[in-house]
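None of these values were measured; they are calculated from a predicted model. Every number for a ligand or one of its atoms is a count from 1 in the order of the listing. Note: hydrogens, waters and symmetry copies are ignored here, and every other heavy atom, side chains too, is used.
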Amino acid sequence: MKVPLLDLGRQNHELHEECLAAFERVLKSSAYVLGKEVSDFERAVARYSGSTHAIGISSGTDALLVAMMALDIGPGDEVLVPSFTFFGTAGSIVRLGATPVWVDVLPDTYNIDLEDALDKVTERTRAIVPVHLFGQMAEMECVLKFAQKFNLYVLEDAAQSIGAEYQGSKAGTLGDFGVLSFYPTKNLGGFGDGGMLLTQNPDLADKAVWLRNHGMNPKYYHRYVGGNFRLDALQAALLGVKLPLLEGYHSARTHHAEEYISEFKGHSGIELPRVIPDARSVWNQFTIRVRTGRRDEMRAFLAERGIGSEVYYPVALHRQECFQNEQQGAKTLSVTDQLAKEVLSLPVFPEMTSEERAAVIRAVWDFGYPK
Ligand SMILES: *Cc1c(COP(=O)(O)O)cnc(C)c1O
């Protein structure tokens, strides 16, 4: 049985009629950038996340950039950031001329290791970026205490974690800013690129609204050097069709993840992801660690059986070619380096059938394990 890592068609084709209706509404409105569709969607996401402000942005990457611009992060500033994350998290820091300071992650949640961060904070540190990787929030209580102690801004990268919870708060609502992404493979996947900034601070919200539109207001009067980081009306309208279905998607992902965890318990060749107490993961990825150097072998074995998998991420950021001049903190990232060799993400998309899930489980066991 063939099992893809992800099948966007199964989710989106079912919404054919609703999407056509949304498209027609935008077509007739002749308002194609920002406007009512975007502000309606912003309000809906704010309500869903329990956030005071939500600002539609052209992508998650741009949302990270706008947030750092709003916080005036630039040359001479250091930003604590995990090296084990998607490129966009750190690219935004370097694009603004600031210095990423690489922080290690924890081996079972894959999220930021604050003990390591403690060794790397300096008087130039301005912000910390907890990435809520694979659907689970970092331990925000500790992150916020840490930030308060050293007077740092907190920018949550919740691109993979819309709807995830920690101590009753949703991802993106605890920091100065939270970043969401609607890239098609995210839990709320759009039909192209899109993102959003969440904040509880009215001044930061104002500034982000200016920055996303060339720092301009009124028309042709520019207070800041912003950019074109606007969200399209069509994207917002289509995402508005899917938002009410998001909790259902989360439940299906959670069911798959719980089945995997119970079926793989006792497997001596793999380590399972851990959900921390008082947290809710939304399982953007189900990522195991394959021990004893057999990850690539297992991946090839699964592929032979027709089962999709992926390595997120094979090369940590401090080892990327473009960051060879950005090596602050890079010497002590042993967990990050280990994870890059061991992680493997298995199919966990909501529409996966129980037969497909069983085929994945069978294949992992059939691959074998150390006695
Ligand atoms: C996807 C992602 C981003 C970037 O979002 P885009 O909308 O693709 O630009 C940033 N950080 C993380 C952790 C992501 O997974």
Are the aromatic rings of Phe323 and Phe87 close, with centres under 6.0 Å apart? yes
Should Arg305 and Glu356 count as an ion pair when the cut-off is N to O under 4.0 Å? no
With sequence neighbours left out, what residues match Arg230 under salt bridge (charged side-chain N to carboxylate O under 4.0 Å, His left out)? none
Flag the pair Glu165 and Arg280 as a salt bridge only when some basic side-chain nitrogen lies within less than 4.0 angstrom of an acidic carboxylate oxygen. yes
Write down, by chain and number, every protein residue that brings a non-hydrogen atom to less than 4.0 Å from an atom of ligand 1. Ser59, Gly60, Thr61, Leu64, Thr85, Phe86, Thr89, Val131, Asp157, Ala159, Gln160, Ser181, Tyr183, Lys186, Gly194
Heavy-atom count check: over 12 atoms from other residues, nucleotides or ligands less than 6.0 Å from Gln167 CD? yes
Should the pair Arg10-Asp7 be classified as a salt bridge under the 4.0 Å nitrogen-to-oxygen rule? yes
